[in-house]
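This chain uses plain numbering: 1 for the first residue, then up along the sequence. Note that the structure is predicted; figures quoted are calculated from it, not measured.
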Amino acid sequence: MEHTFTAEEVQAYAQLGGDTNPIHVCPTAAAAANLAGCVVHGMLYAGLFPAIIGNRQPGAIYLKQTLQFRSPVLVGETVQATVTVSKISGRRAALATSCHKLSANNDSPVLVLDGDALALLPLETNVV
């Protein structure tokens, strides 16, 4: 799943989640922190993982997630989130998750986030 986060989405997430750190919404504050632009909340792009799981397996329950943030994502940059099934045991699916920042000039994608997840699959399921 690819997504390019806008300033409006980041602002809305800041208000909803309560993380109003100015580096997320104020270019001047981001520059003062030696950043090239406003930073997308890590949990905002980590939210792509449950979206992938829920869309591919409607009724799945997201049980657990570990995350390691490796590089910031700036407003306007495109990320690609991937979820890969590592193991299925009964209704439990162990998943590898990763998110890469894509480049407009086709440079190699940059890993910005990875981790592992666990989901409880619905009673009737076809793992995609």
Side-chain angles (χ1 to χ4, degrees):
M1 170 183 277
E2 289 184 16
H3 191 81
T4 304
F5 290 98
T6 66
E8 294 77 18
E9 289 170 322
V10 171
Q11 178 67 41
Y13 185 84
Q15 293 304 309
L16 288 170
D19 180 356
T20 56
N21 183 334
I23 65 167
H24 297 299
V25 296
C26 176
T28 304
N34 205 28
L35 297 163
C38 292
V39 177
V40 177
H41 297 81
M43 295 308 290
L44 181 54
Y45 54 92
L48 296 174
F49 301 139
I52 293 169
I53 294 165
N55 289 337
R56 296 231 175 114
Q57 292 297 317
I61 300 170
Y62 201 60
L63 298 175
K64 181 172 137 182
Q65 175 76 60
T66 62
L67 300 170
Q68 184 162 354
F69 296 94
R70 300 189 178 268
S71 180
V73 174
L74 303 179
V75 170
E77 292 182 321
T78 301
V79 295
Q80 180 178 49
T82 305
V83 175
T84 305
V85 176
S86 303
K87 180 181 177 184
I88 295 180
S89 179
R91 290 180 52 210
R92 292 180 177 258
L95 309 160
T97 57
S98 64
C99 194
H100 290 82
K101 184 171 25 179
L102 304 179
S103 163
N105 56 2
N106 293 326
D107 290 338
S108 295
V110 175
L111 180 66
V112 294
L113 171 63
D114 63 345
D116 297 294
L118 182 65
L120 183 64
L121 300 174
L123 289 173
E124 293 185 24
T125 186
N126 293 315
V127 176
V128 179

Original post:
Is L95 close to D116 at the side-chain level, that is, under 4.5 Å between some pair of heavy atoms?
Top reply: no
**OP:** Kindly compute the distance separating OG1 (T20) from NE2 (H41), expressed to the nearest 0.5 Å.
**Re:** 8.0 Å
**OP:** For residues A46 and L67, report the shortest heavy-atom separation together with the two atoms involved.
**Re:** CB-CD1, 3.9 Å
**OP:** Group every Ile, Leu, Val, Met, Phe, Trp and Tyr by side-chain heavy-atom contacts under 4.5 Å, then state whether V83 and I61 land in the same group.
**Re:** no
Original post:
Should M1 and N55 count as side-chain neighbours, where that means a heavy-atom distance under 4.5 Å?
Top reply: yes
Original post:
If you take all heavy atoms of V75 and T6, which pair is closest and at what distance?
Top reply: CG1-C, 3.7 Å
**OP:** Look up atom NE2 in H3 and atom CG in L102, then write down how far apart they are to the nearest 0.5 Å.
**Re:** 12.5 Å
Subject >> Least distance between heavy atoms, L111 atom then C99 atom >> reply: CD1-O, 3.6 Å
Original post:
Do T66 side-chain atoms and G115 backbone N/O form a donor-acceptor pair below 3.5 Å?
Top reply: no
Original post:
Do Y13 and V40 come close enough that some side-chain heavy atom pair is under 4.5 Å?
Top reply: no
Subject >> Over all atoms of both residues, closest heavy-atom pair of S86 and A96 >> reply: OG-N, 3.5 Å
Subject >> Atom pair NZ/CG of K64 and L120 - distance to nearest 0.5 Å >> reply: 13.5 Å
Original post:
If you draw a 6.0 Å radius around CG in N34, do more than 12 non-hydrogen atoms from other residues or ligands fall strictly inside?
Top reply: no
Subject >> Transitive ILVMFWY side-chain link L74 to F69, under 4.5 Å >> reply: no
**OP:** Drop me the distance from E9's CD to L44's CG, to the nearest 0.5 angstrom.
**Re:** 7.0 Å
**OP:** Answer yes or no: is there a side-chain heavy-atom contact under 4.5 Å between S71 and K101?
**Re:** yes
Subject >> Side-chain donor/acceptor of H24 to backbone N/O of D19, under 3.5 Å >> reply: no
Original post:
In the single-linkage hydrophobic clustering (I, L, V, M, F, W, Y; side-chain heavy atoms under 4.5 Å), do V79 and V39 co-cluster?
Top reply: no
Original post:
Do L113 and F49 come close enough that some side-chain heavy atom pair is under 4.5 Å?
Top reply: yes
Subject >> Minimum heavy-atom distance between P122 and P58, given as atom pair plus value >> reply: CG-O, 3.3 Å
**OP:** For side-chain contact (heavy atoms from CB on, under 4.5 Å), just list the numbers for R92 and L121, CA-CA rounded to whole Å, side-chain angles, deciding distance to a tenth of an Å, and then say yes or no.
**Re:** CA-CA 6 Å; R92 292 180 177 258; L121 300 174; over 6 Å; no
Original post:
Could you state the interatomic distance from OG1 (T84) to CD1 (I52), rounded to the nearest 0.5 Å?
Top reply: 9.0 Å
Subject >> From L63 atom CG to L118 atom CG, the distance as rounded to the nearest 0.5 Å >> reply: 5.0 Å
